[in-house]
Amino acid sequence: MRENGRVTSATRQPGTPAAALRPRLIATDLDGTLLRDDKSVSPRTVAALAAAEEAGVEVFFVTGRPARWMDVVSDHVHGHGLAICGNGAAVVDLHGGPGAHRFVKVRELARQNALDAVRLLRDAVPGTVFAVEQTYGFHQEPAYPKLHMEIPDNLLPAEALLAADGPDADQPVLKILAYHPDLDPDAFLALARLAIGDRANVTRSSPSALLELSGPDVSKASTLALCCAERGISPAEVVAFGDMPNDVEMLTWAGRSYAMGNAHPDVVAAASGRTVANNEDGVAVVIERMLTGRV
């Protein structure tokens with residue numbers, strides 16, 4: 001890889017189609033990637049996103065966040081207004097603003113799969129506690145810590161939350177959150193993947209031992225691939241950015257991909273290039289160079 005300042009080229013091999021094709025879509029994670037640590041979008045990043053859209057390059061926010069936490073970027077979605085939320089569990093139209101988001105596509109976690117995953121993880125890793133993320137609701141077990149800046153709709157055991165007659169039973173389940181108070185985050189992820197198998201897709205994006213469980217085939221990459229196919233956009237025409245294990249599949253799928261300077265080692269290994277950290281506007285740095293033909 002050639003060095004370009006502190007940004008390495010995202011060309012996997014010289015002369016590949018991804019290097020030759022003009023990017024048509026930018027897919028970027030939010031926390032630890034596009035957003036600074038204070039959860040702001042810097043003026044430089046705002047300008048870079050606007051310049052990309054003006055140049056005809058669509059920008060998709062692809063995040064583990066639920067739709068109700070998207071107000072931080074809802075002013076920057078431009079024409080299409082779409083974001084991929086919940087690690088691929090939902091495609092959301094943000095045009096309505098906070099509290100008025102419209103779900104365009106939902107890829108739910110079947111309740112039986114969710115119940116199986118909870119049972120298997122409880123047995124394999126005692127002390128695990130759970131929360132349930134739905135399209136419009138958030139519920140948690142009484143022992144689940146206050147990790148999120150919101151009040152849960154219900155405090156019940158996960159089995160009751162996921163029962164056929166449980167709270168908001170008419171709403172799809174988007175994610176199960178699993179937390180352990182003592183384990184190393186990567187060790188917890190490895191144990192959970194082994195225990196749960198193909199009943200759910202297990203990943204993580206938090207620095208703590210907090211896992212995110214989605215439908216078996218649901219990931220940022222698979223939902224992004226669906227959105228791109230609908231637009232006739234190939235992987236080689238996509239540039240992706242990320243920093244945590246829940247970004248790995250997306251970075252591997254995209255023709256060009258960048259790990260942030262603050263990225264997890266697995267992300268660095270998966271990406272085809274690297275940029276500077278989120279607090280140094282690493283996404284904006286690449287977009288600016290991309291639009292002037294320097295990467």
Side-chain angles (χ1 to χ4, degrees), residues 29 31-32 63-66 68-69 85-90 107-169 171-220 222 243-249 264-267:
D29 173 53
D31 297 281
T63 178
R65 286 182 173 225
R68 63 184 179 278
W69 289 6
C85 298
N87 289 330
R107 306 183 68 199
E108 65 183 290
L109 172 61
R111 285 176 182 263
Q112 189 56 57
N113 284 54
L115 285 165
D116 288 346
V118 167
R119 172 179 54 80
L120 291 166
L121 197 49
R122 279 201 202 281
D123 291 344
V125 191
T128 302
V129 290
F130 298 92
V132 177
E133 186 78 63
Q134 295 179 265
T135 44
Y136 294 102
F138 176 74
H139 318 277
Q140 67 179 58
E141 295 189 317
Y144 187 89
K146 187 174 177 57
L147 298 173
H148 316 287
M149 299 301 293
E150 58 189 322
I151 299 172
D153 299 309
N154 288 279
L155 291 171
L156 291 168
E159 292 81 0
L161 294 172
L162 295 166
D165 59 351
D168 294 333
Q171 286 187 34
V173 175
L174 299 185
K175 285 197 306 185
I176 301 296
L177 300 168
Y179 176 80
H180 199 281
D182 303 316
L183 286 178
D184 170 80
D186 286 329
F188 189 27
L189 177 60
L191 287 169
R193 284 176 169 170
L194 183 63
I196 292 171
D198 62 1
R199 289 170 177 81
N201 184 32
V202 186
T203 190
R204 77 176 188 88
S205 60
S206 170
S208 64
L210 177 65
L211 306 183
E212 302 163 66
L213 284 59
S214 305
D217 299 317
V218 175
S219 68
K220 290 185 175 186
S222 62
D243 74 304
M244 287 297 280
N246 64 330
D247 297 312
V248 165
E249 295 96 332
H264 186 281
D266 290 351
V267 175

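These values consider heavy atoms only, across backbone and side chains, with no hydrogens, waters or symmetry-generated copies. Everything numeric in this text was worked out from a predicted model, so none of it was measured.
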Measuring from [X]:[atom1] to [Y]:[atom2], what's the distance to the nearest 0.5 Å?
X	Y	atom1	atom2	answer
Phe130	Leu161	CZ	CG	11.5 Å
Leu191	Asp184	CG	CG	10.0 Å
Leu211	Phe188	CG	CZ	4.0 Å
His264	Asp247	NE2	CG	11.5 Å
Glu108	Gln171	CD	CD	11.0 Å
Leu120	Thr128	CG	OG1	11.5 Å

Pairwise side-chain contact, Thr63 with Ser205, heavy-atom cut-off 4.5 Å (strictly under):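 A side-chain contact under 4.5 Å is absent here.
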Min side-chain heavy-atom separation Pro167-Leu156 under 4.5 Å: yes
Exercise: identify the closest heavy-atom pair between [X] and [Y]:
X	Y	answer
Asp153	Gly137	OD2-CA, 3.3 Å
Pro157	Pro142	N-CD, 4.4 Å
Glu249	Ser219	CB-OG, 4.4 Å
Asp266	Val248	O-CG2, 3.9 Å
Ala163	Ala169	O-CB, 4.5 Å
Pro126	His180	O-NE2, 2.9 Å

side-chain contact (heavy atoms from CB on, under 4.5 Å) evaluation trace for Leu155 with Gln140: CA-CA 5 Å; Leu155 291 171; Gln140 67 179 58; 3.4 Å; yes
Salt bridge (Lys or Arg N to Asp or Glu O under 4.0 Å) partners for Arg119, two or more places apart: Asp116
Expected output: side-chain Ser214 to main-chain Ala89 donor-acceptor under 3.5 Å: no
Sidechain-backbone polar pair: Arg193 side chain, Val202 backbone, donor-acceptor under 3.5 Å: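 Side chain of Arg193 to backbone of Val202, a donor-acceptor pair under 3.5 Å: yes, one is there.
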side-chain contact (heavy atoms from CB on, under 4.5 Å) partner of Ile196, the single match among Val118, Leu121, Asn113: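 Only one option passes, and that is Leu121.
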Qualifying residue for salt bridge (Lys or Arg N to Asp or Glu O under 4.0 Å) with Glu133, from Lys175, Arg65, Arg68: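 For Glu133, the salt bridge (Lys or Arg N to Asp or Glu O under 4.0 Å) test succeeds with only one of Lys175, Arg65, Arg68, which is Arg68.
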Worked verdict on Val132 versus Val173 for side-chain contact (heavy atoms from CB on, under 4.5 Å): CA-CA 7 Å; Val132 177; Val173 175; 4.1 Å; yes
Trace of the side-chain contact (heavy atoms from CB on, under 4.5 Å) decision for Phe138 with Leu177: CA-CA 10 Å; Phe138 176 74; Leu177 300 168; 3.8 Å; yes
Glu212 and its side chain to side chain donor-acceptor pair (under 3.5 Å) partner, picked from Asn201, Thr203, Asn87, Asn246: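 The option that passes is Asn87.
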